[in-house]
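Reading through the structure tokens given below for one structure.
Here is how names work: the chains are called A, B, and so on, in the same order as the sequence lines, proteins then strands, and each is numbered from 1.
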There are 2 protein chains.
Amino acid sequence: MSTDETRRKLLDGALRVLVEQGIAKTSARSVAAAAGVNQGLVFYHFGSMDELLAAACRYGAEQRVARYRERLGAVGTLSELLALGRVLHEEEREAGQVAVLGQLLAGAQTHPRLGPATAAGLDLWIEEIERVLRRVLAGGPLDGAVEPAGLARTVAASFVGMELYEGVDPAGANAALDALEQLAGLLAALEELSLVARGAVRYTLRRKGRLSREV
Amino acid sequence: MSTDETRRKLLDGALRVLVEQGIAKTSARSVAAAAGVNQGLVFYHFGSMDELLAAACRYGAEQRVARYRERLGAVGTLSELLALGRVLHEEEREAGQVAVLGQLLAGAQTHPRLGPATAAGLDLWIEEIERVLRRVLAGGPLDGAVEPAGLARTVAASFVGMELYEGVDPAGANAALDALEQLAGLLAALEELSLVARGAVRYTLRRKGRLSREV
DNA sequence: GTCTATAAGCAGATAGAC
DNA sequence: GTCTATCTGCTTATAGAC
């Protein structure tokens, strides 16, 4: 069998075990079994379990982000971004892929090699989110008031937290997402304010921002 | 030694190992060593590791929530809540206690007994947050537009995600928190809008809400 | 590149002395 | 209630045949 094919099988197997059993049960044996290859090949191809997990993290994040790149690129308004967010959440929850990032984030505390790899995987998501946010916020009342780079990181981290929360309390997570939708809807609504109201809001936000910088 | 004292030592030991080594390295042996007691006592007092972890989760959450209950009760405005949130984040990050919830959330997928216990631990936080939100949002422009119960869950889940993110990218987490602060500051500023602007905003939000319910 | 076999060690959990 | 000793099974990782 070709090197690439076995490597790919192991990476897919690692992601599947992470999704189905969590980081605690993700061992060289369980991954090899899921991949349908011999256990020793984990170490032949990746050297250690840490390296396999790090590679799987990158591999999985690339796959998922590529899956949404086109749809994210088509987003032009905050409302559209919001709608895509809910779709994305449903699809990722079903596939269990965002929870994998949570598993790896938790495991990163023990496996030091895993920290940078997980951060890199998250960065792939953050990069896409930031690009969309920059486009969507431009010209609106939030333009200049919120840093897109930071907001993208907030969104990504919250998303991961939400997926982990969903694992222990699906009803609670649903209520949380509804509230988030309401909140984001309010922001989107701000963009449709009448001109006079918008002017007053912008004035107040600016004054507020200056004050808070002085304090 | 009394039953209670040994139990408490084991609970404290479990939390310490969870903070310092993560769920993956939290074993009966490591916890007993941290607690300074014999390994067999884990099973005498708790029956299994799952039960010990579940009990430690509740125990830790109760401790931490009690620590902030008074300060949370003194919060009267969104700005004050925001300021306390940042303080709370700093203190919890230092103690590593919120990351413990992340560790347990990740582990809950494998240890089924851990799921409900972790959800219960999170609920202690959510309950406090919800109470404050209800008080702070009352009368403001967001009153009636966002469900406090759902928003409290969003805040809690995002907080956990943020703590896990901080573990792999402290600079990124800091940028994320700054953006969150900007965003929350904008919401707080909305409460200080002039009367005419506030009326326009409320009108727009109501119309928007009705529309989105129709769609 | 892939296989089997195995080393060395840690896991959860229990039995029985004290 | 606490201790030691131990069972069983799983872990990462390697050596060496094919």
query: If you measure only the distance, is there a donor-acceptor pair under 3.5 Å linking the side chains of B/N38 and B/Y44?
result: no
message: In this structure, how many angstroms lie between the C1' atom of C/dT4 and the CG atom of A/L41, rounded?
response: 12 Å
- request: Tell me yes or no: between the side chains of B/Q109 and A/Q103, is some donor less than 3.5 Å from an acceptor?
  value: yes
query: Could you state the CZ-P distance from B/R113 to C/dG12, rounded to the nearest angstrom?
result: 17 Å
- line: B/F43 CZ to D/dT6 P, in whole Å, measures 18 Å
message: Among residues at least two apart in sequence or on other chains, which ones pass salt bridge (Lys or Arg N to Asp or Glu O under 4.0 Å) with A/E166?
response: A/R93
field: Single hit among A/L104, A/L105, A/L101 for side chain to side chain contact (heavy atoms under 4.5 Å, CB included) with B/V168
entry: A/L105
- prompt: Which whole-number value in Å describes the distance from B/L114 CG to C/dG12 P?
  reply: 13 Å
- request: Nearest whole angstrom, please: distance from the C1' of D/dG9 to the NZ of A/K25.
  value: 12 Å
- request: Look at all strands and tell whether B/Q39 reaches a base, only sugar-phosphate, or nothing, counting heavy atoms closer than 4.0 Å.
  value: base
- request: Starting from P on D/dT14, measure out to CE on A/M49 and report it in whole angstrom.
  value: 14 Å
- prompt: Mapping A/R29 and A/Y44 onto DNA chain C by nearest heavy atom, which one lands closer to the 5' end?
  reply: A/Y44
task: Report yes if at least one side-chain N or O of A/T6 is closer than 4.0 Å to OP1 or OP2 of C/dT2; otherwise report no.
output: yes
- prompt: For B/F46 and D/dT2, what is the distance between atoms CZ and C1' respectively, to the nearest whole Å?
  reply: 15 Å
field: N/O (side chain, A/S27) to phosphate O (OP1/OP2, D/dC10) under 4.0 Å
entry: no
Between C/dG16 (P) and B/N38 (CG): distance, integer Å: 17 Å
